[in-house]
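Below is one structure, written out as structure tokens, with a few remarks after it.
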Amino acid sequence: MDKPLISHQLVDSDGSLAEAPSEVPKVGILGSGDFARSLATRLLGSGFSVVVGSRNPKRMAGLFPSAARVTFQEEAVGSPEVIFVAMFREHYSTLCGLSDQLAGKILVDVSNPTEREHLQHHESNAEYLASLFPTCAVVKAFNVISAWTLQSGPRDGNRQPEATHTVLEMVRAMGFTPVDMGSLASAREVEAMPLRLFPGWKVPALLALGLFIFFYAYNFVRDVLEPYVQEGKNKFYKLPVFVVNTTLPCVAYVLLSLVYLPGVLAAALQLRRGTKYQRFPDWLDHWLQHRKQIGLLSFLCAALHALYSLCLPLRRSHRYDLVNLALKQVLTNKSHLWNEEEVWRMEIYVSLGVLALGMLSLLAVTSLPSIANSLSWKEFSLVQSTLGFVALVLSTLHTLTYGWTRAFEESRYKFFLPPTFTLTLLVPCVVILAKGLFLLPCVSRRLTKIRRGWEKDGSVRLTLPVDRALAQKTSHV
Amino acid sequence: MDKPLISHQLVDSDGSLAEAPSEVPKVGILGSGDFARSLATRLLGSGFSVVVGSRNPKRMAGLFPSAARVTFQEEAVGSPEVIFVAMFREHYSTLCGLSDQLAGKILVDVSNPTEREHLQHHESNAEYLASLFPTCAVVKAFNVISAWTLQSGPRDGNRQPEATHTVLEMVRAMGFTPVDMGSLASAREVEAMPLRLFPGWKVPALLALGLFIFFYAYNFVRDVLEPYVQEGKNKFYKLPVFVVNTTLPCVAYVLLSLVYLPGVLAAALQLRRGTKYQRFPDWLDHWLQHRKQIGLLSFLCAALHALYSLCLPLRRSHRYDLVNLALKQVLTNKSHLWNEEEVWRMEIYVSLGVLALGMLSLLAVTSLPSIANSLSWKEFSLVQSTLGFVALVLSTLHTLTYGWTRAFEESRYKFFLPPTFTLTLLVPCVVILAKGLFLLPCVSRRLTKIRRGWEKDGSVRLTLPVDRALAQKTSHV
Amino acid sequence: MDKPLISHQLVDSDGSLAEAPSEVPKVGILGSGDFARSLATRLLGSGFSVVVGSRNPKRMAGLFPSAARVTFQEEAVGSPEVIFVAMFREHYSTLCGLSDQLAGKILVDVSNPTEREHLQHHESNAEYLASLFPTCAVVKAFNVISAWTLQSGPRDGNRQPEATHTVLEMVRAMGFTPVDMGSLASAREVEAMPLRLFPGWKVPALLALGLFIFFYAYNFVRDVLEPYVQEGKNKFYKLPVFVVNTTLPCVAYVLLSLVYLPGVLAAALQLRRGTKYQRFPDWLDHWLQHRKQIGLLSFLCAALHALYSLCLPLRRSHRYDLVNLALKQVLTNKSHLWNEEEVWRMEIYVSLGVLALGMLSLLAVTSLPSIANSLSWKEFSLVQSTLGFVALVLSTLHTLTYGWTRAFEESRYKFFLPPTFTLTLLVPCVVILAKGLFLLPCVSRRLTKIRRGWEKDGSVRLTLPVDRALAQKTSHV
């Protein structure tokens, strides 16, 4: 009657262990820090049998999940083939005593060096470990979980010696997608990754900051300094809200146009070169890669601008202005106040602003990883390029209605400085015009051909019948 | 002393290649476009050895990650078992020269046809490729990465001939979850996928648009045209903001009620049929599947409505009205202005609006893929159905407080047209009443029974003792 | 001529089936509810061959994807090794007739008991099923898909008897990451999971609710009751908006400080104990684990506060107040109204509020699963701890500017109750001071040492040369 045994197996799991030990891959862990603990939990969760080696098993046992066996280091490293070293670099040498038990095993170095360590030591922790245990195969892994995304292309990562292979399998079993970074030589670089802070954001953030400072200073001079110097009016209360709120839209607007400028330049370059098989200059490459961040910063500024604008009626100054306006009307015995043109300007201005912000919000939402992944390439490009461009056009109109006739009123040129919004219009208008240019049939046809692999200087392709077909096809457009 | 070799392997990776070639699955790529490049990077990242075949290896080498070997096509297709064809359809025929080297290998067609191509050719790119290389096993793959979600059920996708199997394994190794779409016959359909543009959104978007146009026209007539015709008042400045802002809430409100109407209809249908084992009519099925999109559009309109409302005090017209109101008070020698009822109405109206919007925001957030995945089915249904229904009730109250006594003031019926909000109340009230009806013990008990598999017409089940038990159980409710 | 066969295989899939049957893992499903259907779809999508067993195949066939074979139960359970039981507990016994065909097979119990069932029966559905079919290996699976995240550590989950192993493989093949919960004994606990409702949110939500009620009552007494009692003024119209809007910021502010308090306590505890190798008391542990939820609730309140504040100018009461203010000015023949200090206070107050909200929004966004996953540990901690702390400081300043000199005006102490904002300042200030304290070199150095494993009471570690090195290193700070 071995049949009941089967379900019995499932109830009393020790029985099963005795039965199918081959089923249970065993893993060792040296160290008892937080990382060691979460690693143990994760490995258990993925169905591995875990043995933790500690100098003081009794005390540590309480800190680990009950399923993990916590014992003395000597004992822990005995049976498992793969051993995780989750200790600080400075404790590695304390393992030297175990070198005999460790001989020939796979050591996985999961350490993350501190900034200081990284600069101090020229060899990576992993290489240091490898030097301490020449008889072991050392693999660097898990130190960049969640940091290291698949997009970034690995260096010579196409070789899987046995040891690495085993670890890769484990990583997969644990539900991650591993990236083999190749030979241990690159370990130092791998260890540097978690030290990076938003690498993609540095340049765009500095750009935004620079623009903000420039426009803030510019607006300060025009809106606060000028009235103070010329008419002795004290408008300094405008600094915290008003000036900020005239600066933010400028930054947002310029940044948005800088999202679409590189694309325009790239297209122009391809048109001049007559091929797509040439790398862009690095500065353009980087620019193209940072468009997303620039766009998000632009959205951030736009959102803050909206928030500040909505706060305007909350301010005392706004209330006082209103009351004083009413007073003036009374004292001058005006009966009714209305300026049709001003009314229209403001209505259009507001609604364009709301629409532009709405567009930008959609863009921001679709650049959330989980949503971007659920879009097809065509959907993504429609949202990002088309909607984004519409947003650019809308904010241009928004700016123009704000400016209205002002650009041409002499009184607006304080200290001979043109109004801010006229400055900001330059780049966006260039982008919009260029985009319009590329829509001309002659230009767009040539561009499409190039992007489908056609090359100007009589390349192999053109001589092929297929490409004549293509040429005809596109000429039908 | 081969032990040191192991760690040596990891440092000098060529050694390892020589040692364990079996470890390194080799893959070929034909083509040098962007897709070919990112494919190469991804494959390298997943530990494959990549050989790229190009007509002009020297020039292309620079464009690929250093780890990829770029060589002549003849050479590239030699060793690997699996070869990706990342070229445009019109270049397929240029490969005919390679048919001998390709014989018996697995060709993976990753092409995405353009709209035109898709309409032009009756056979899919993959089938065309198969016809060119009858000796190869052609598999369509990777052209819909990220587009094709697992929900959508594959057609006869339950057979894995060798070739497909190999590719599926690779897809998994690369960290994707593959979907076998079955025989190559369905390739054409697969190739059409990336051409789809938000298939789930078309109908809901059109619905929202239609509602918007209708209500906009309706409000235009009541708020702008009527005063112009009757009293010659020029209110056209209301078009950009005011009329839009009375239209948006109507659309949002009706859409929200349309999210819960199909559920009510489905329940009613199940009650009448007395079973859940009958398909719903297609229109209802589709409606049920588009609830999420309708809900999100409703949220979008509600958010825009909030934004517009908050912009109202920014407008010049608002400022002028205030000043003029003050003036009127002065001229009529009124000393104090206060209308308790109006005050209360507005306070309640505003706070209900804020709460309703808050609810909808929570709903919108929980329908983000990454969050929805982290919820248990019970949590998700609680948020989506319960909270959503609360939001519906709140916005109904919001609408009623706005309407207040107006619905019954004769003066409100311009051109004999009832106020907008009275129109919008119809559907939501029906839904709310029906939902209330289903909560009556007698109805809800029957519904639960049906949803647990019970069937009216004496079905097999009812004859079973278990179901008597169930009947008793449910009767205890 | 078997070569054409290869591509032929792909077109006519039956051919392929006949060829490589070993390729096609066969799975059986008993039941025809919604879960059975989606399970079938998912399995087909992952390349399994599915046979559905039903009492009434003809009627059910229409409900399943065409690729699934729907037949009589007896027939369905014949060939496949693994059989999913997707029925309600009360129907299990109807399968007893099949016990011979099922003998020795793997039954996967996917049922989710209702609350009632879970309380009624002491044995889990899975155990009940196992008792009905002693000859089968019963495995509980799939009932918590999407609910059960990998973080939560499984109980003795490190053993994989054959049956479980097979199922785990399938789960992986279907693109999920399985968690082996170990012996069937834990099935009851597993079945309880989907019944949990936002377990992590209960305490924080109650906390927020409690704070809200307290502060609402407090503000009601000060702002509504007091003027009514003392001066007979009727301010009850303030209840829906005004009082709520003075309550929300208090709740948001206190909650935010409660996010950082536990961290401070933990650090203090480690400093006193002089080691990190001691569990924190449970209440602190739980508190630390709920910080994210508390923070999000704080953000929710802050956002609502912003929304309410922006709505203030929309209210009739606001309009009336303005007009009346203007009237008063006229009647008292005041010509110009301006209070520089009030203006400045408000400007600073508003801009600090906007900035604080902006910070909190960034925090909220980065705690979206999909974004949190794309951040490195260092980036995440920077955003969550540093930015969060900045937000706390900003909101403290926001509160202080609101308070300004009021805290010291006797007139503000209604019923001898201090103004609300003075109450709220207590906890945050404590947190900020403590944080500042921990930045003192002497304290921070000791803390760092402890967190790197150093222990006060002469532990093994300290005797090691490495740690002297460390001691020196850190003393260089």
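First the proteins, then the strands, lettered A, B, ... as listed; each starts at 1.
Only the side chain of C:Leu368 comes within contact range of chain A, with at least one heavy atom under 4.5 Å from a heavy atom of that chain. Using a 4.5 Å cut-off between heavy atoms, C:Asp321 makes no contact with chain A at all. With a 4.5 Å cut-off on non-hydrogen atoms, A:Leu322 touches chain C through its side chain but not through its backbone. In this structure, chain C has no heavy atom under 4.5 Å from any part of A:Val244. With a 4.5 angstrom heavy-atom cutoff, C:Leu312 touches chain A only via side-chain atoms. With a 4.5 Å cut-off on non-hydrogen atoms, A:Leu310 touches chain C through its backbone and its side chain both. Only the side chain of C:Leu357 comes within less than 4.5 Å of a heavy atom of chain A; its backbone N, CA, C and O stay farther away.
Across all their heavy atoms, A:Cys311 and C:Val350 have their closest contact at CB-CG1, 3.5 Å.
Most heavy-atom pairs under 4.5 Å with chain C: of the set A:Ile371, A:Leu314, A:Leu307, A:Val330, this distinction falls to A:Leu314.
Note that NE2 of C:His336 and CG of A:Leu331 are 12.0 Å apart. Values are rounded to the nearest 0.5 Å. Between the OH atom in A:Tyr320 and the CD atom in C:Glu340 there is a gap of 10.0 Å [rounded to 0.5 Å]. Rounding to the nearest 0.5 Å places CD of C:Glu347 at 9.5 Å from CG of A:Leu239.
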Using the side chain to side chain contact (heavy atoms under 4.5 Å, CB included) rule, take A:Tyr237 and C:Ile348 through it: C-alpha gap first, then chi angles, then the decisive distance, then the call.
-> CA-CA 9 Å; A:Tyr237 73 88; C:Ile348 298 173; over 6 Å; no

